[in-house]
Colleague: 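Structure in structure tokens, see below.
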Amino acid sequence: MPELPEVETTRRGVEPHLLDRSIVGVVVRDGRLRWPVPGDLPGLLTGRRIAAVRRRAKYLLFDCGGGHLIVHLGMTGSLRLLEAGVPPAPHDHVDIVLDDGRALRFRDPRRFGAILWTARPPGEHVLLQGLGPEPLDGAFDGGYLHGLSRGRTAPVKAFIMDGRVVVGVGNIYANEALFAAGIRPQRAAGQISALRYQRLAVAIKAVLERAIAHGGTTLRDFVDSTGKPGYFRHELQVYGRGGEACPGCGRALREVRLGQRSTVYCAQCQR
DNA sequence: CAACGGACCTGCCTGC
DNA sequence: TGCAGGCAGGTCCGTT
């Protein structure tokens, strides 16, 4: 599921309900996530007050004062805020129970997500080290992409999906941004001009911001903190539309596999 | 380093 | 109807 817009939608949904709430209990029904949930997570969290909910890349960071809970939603994860007494469904692996009786519930059918704890500044955690800039920050622009890409032979789509280059751009939005910028996904990253990278950086920012405004994209699993899907799916120009008419020129969109990922583009509009 | 394939895991859809 | 195979929003890890 979650690329940056879905994670940010989740963050915005849960934050107002968590700020200054205290954690009174933690229920781990299945701790077998991408990495095992720390066995002492209930002990680590119980009694702590949540001071902030931040996001770095696709990680949610819950500032608990004296430590941070790190949550990643993987491919199929979601976080919902539930009233007391809602019985758990399959794949509802972890509940964090708050002092108002409600619970933050983590669901993740494929268990590619993660729930970790760090007592250090979260940016020092091994998973957050070496990450590239946030795409919506000013430091991320066409000049940055152009400079970093010189000499690279990998396809530009793989380049912008590499978290060391820029974070938060997953398969859906990489396809969408490349279409908006008129760049063919297979083109070697190192042979794209500065001007075209400028267009690409603008396109990445625009598509992510629009997706956030629509509450993210739901293909199957993603729901926001209230359990509702995101509505950006209806705005997608190319992802999931292989064989359909290009919104720009009307020719059939092509669908290929690039780096084992479904890739859709218009051979006419994207060069 | 950079690039690439495989791995992790469950559910859903397609085609035989 | 049943079953095998392929595919899905991520990203780490090992090999070349």
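We use all heavy atoms of the structure for the numbers below, so side chains are in, but hydrogens, waters and symmetry mates are not. Each chain gets a letter, A, B and so on, in the order its sequence line appears, and its residues count up from 1. Worth saying up front: this structure is predicted, and the values here are computed from it rather than measured.
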Colleague: For A:R32 and B:dA7, what is the distance between atoms CZ and P respectively, to the nearest whole Å?
Modeller: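 The distance from CZ of A:R32 to P of B:dA7 comes to 20 Å, rounded to the nearest Å.
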
Colleague: Quick one: is C:dC7 close enough that its OP1 or OP2 comes under 4.0 Å of any side-chain N or O from A:S262?
Modeller: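 The answer is no; no side-chain N or O of A:S262 sits under 4.0 Å from OP1 or OP2.
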
Colleague: Would you indicate which nucleotide in B:dC9, C:dG10, B:dG5 comes nearest to any side-chain atom of A:N171?
Modeller: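 Per side-chain heavy atoms of A:N171, the pick is C:dG10.
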
Colleague: Only stems of 3 or more consecutive Watson-Crick or G-U pairs count here, both distances under 3.5 Å; name the ones for DNA chain B, or none.
Modeller: B:2-8 with C:10-16, B:10-16 with C:2-8

Colleague: I need the A:L4 CG to A:E209 CD distance, nearest 0.5 Å.
Modeller: 10.0 Å

Colleague: For A:L73 and A:V7, work out which heavy atoms get closest and say how close.
Modeller: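 It is CD1-CG2, 4.4 Å.
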
Colleague: Return the minimal non-hydrogen interatomic distance between A:H146 and A:I192, and the atom names on each side.
Modeller: CD2-O, 3.5 Å

Colleague: What's the closest nucleotide to the side chain of A:Y59 if the choices are B:dA3, C:dC12, C:dG10?
Modeller: C:dC12

Colleague: Of the non-hydrogen atoms in A:L208 and A:P135, which two are nearest, and what is the gap between them?
Modeller: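 The answer is CD1-CG, 3.5 Å.
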
Colleague: Can you find a donor-acceptor pair, distance only, under 3.5 Å between A:R257 side chain and C:dG6 base?
Modeller: no

Colleague: Base, sugar-phosphate, or nothing: which does A:F159 touch, judged by heavy atoms less than 4.0 Å apart?
Modeller: nothing

Colleague: Please report, rounded to the nearest Å, how far the C1' atom of C:dA8 is from the CG atom of A:L73.
Modeller: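 Those two atoms, CG and C1', are 16 Å apart.
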
Colleague: Let me confirm one number: the CG-CZ distance from A:L116 to A:R34, rounded to the nearest 0.5 Å.
Modeller: 11.0 Å

Colleague: Does A:R111 get its side chain close enough to the base of B:dC9, under 3.5 Å, for a donor-acceptor pair?
Modeller: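 Such a pair does not exist between side chain and base.
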
Colleague: Here's a test of your reading of the structure: between A:Q260 and A:G151, which maps to the more 5' nucleotide of DNA chain B?
Modeller: A:G151

Colleague: Taking atom P of B:dG11 as reference, at what distance in whole Å does atom CG of A:D108 sit?
Modeller: 11 Å

Colleague: Begin with the C-alpha distance, continue with both residues' side-chain angles, and end with the deciding distance and a verdict on salt bridge (Lys or Arg N to Asp or Glu O under 4.0 Å) for A:D63 and A:R54.
Modeller: CA-CA 8 Å; A:D63 181 346; A:R54 303 193 181 88; 3.5 Å; yes

Colleague: Report the distance from atom NE2 of A:H93 to atom C1' of B:dC9, rounded to the nearest whole Å.
Modeller: 10 Å

Colleague: Closest to the A:A154 side chain: B:dA3, C:dA8, C:dG10?
Modeller: B:dA3

Colleague: Can you give me the closest heavy-atom contact between A:I172 and A:L219, atom names plus distance?
Modeller: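 Scanning both residues, the minimum pair turns out to be CD1-CD1, 3.7 Å.
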
Colleague: Side-chain N or O of A:T76 less than 4.0 angstrom from OP1 or OP2 on B:dC9?
Modeller: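 For B:dC9, neither OP1 nor OP2 has a side-chain N or O of A:T76 closer than 4.0 Å.
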
Colleague: On DNA chain B, does the nearest nucleotide to A:R164 precede the nearest nucleotide to A:G259 from the 5' side, or the other way round? Give the residue.
Modeller: A:R164

Colleague: Once you round it to whole Å, what is the distance between C1' of C:dG10 and CD of A:E3?
Modeller: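 Atom CD in A:E3 sits about 9 Å away from atom C1' in C:dG10.
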
Colleague: Between the base of B:dA3 and the side chain of A:R152, is one N or O donor paired with an acceptor at under 3.5 angstrom?
Modeller: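 No, the side chain and the base share no sub-3.5 Å donor-acceptor pair.
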
Colleague: Can you tell me if A:R261 touches the phosphate of C:dG10, counting only side-chain N or O atoms and a distance under 4.0 Å to OP1 or OP2?
Modeller: yes

Colleague: Which of the following nucleotides, B:dC8, B:dA2, B:dG11, is nearest to the side chain of A:H91?
Modeller: B:dG11

Colleague: Starting from C1' on B:dG5, measure out to CG on A:D162 and report it in whole angstrom.
Modeller: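 Distance check: A:D162 CG to B:dG5 C1' gives 15 Å.
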
Colleague: Nearest whole angstrom, please: distance from the P of C:dC12 to the CG of A:L128.
Modeller: 10 Å

Colleague: Round to the nearest Å and state the distance from A:F112 atom CZ to C:dT11 atom P.
Modeller: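 Spelled out: CZ on A:F112 to P on C:dT11 is 12 Å.
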
Colleague: Honestly curious: do A:I183 and A:Y144 fall in one hydrophobic cluster under the side-chain, below-4.5 Å linking rule?
Modeller: yes

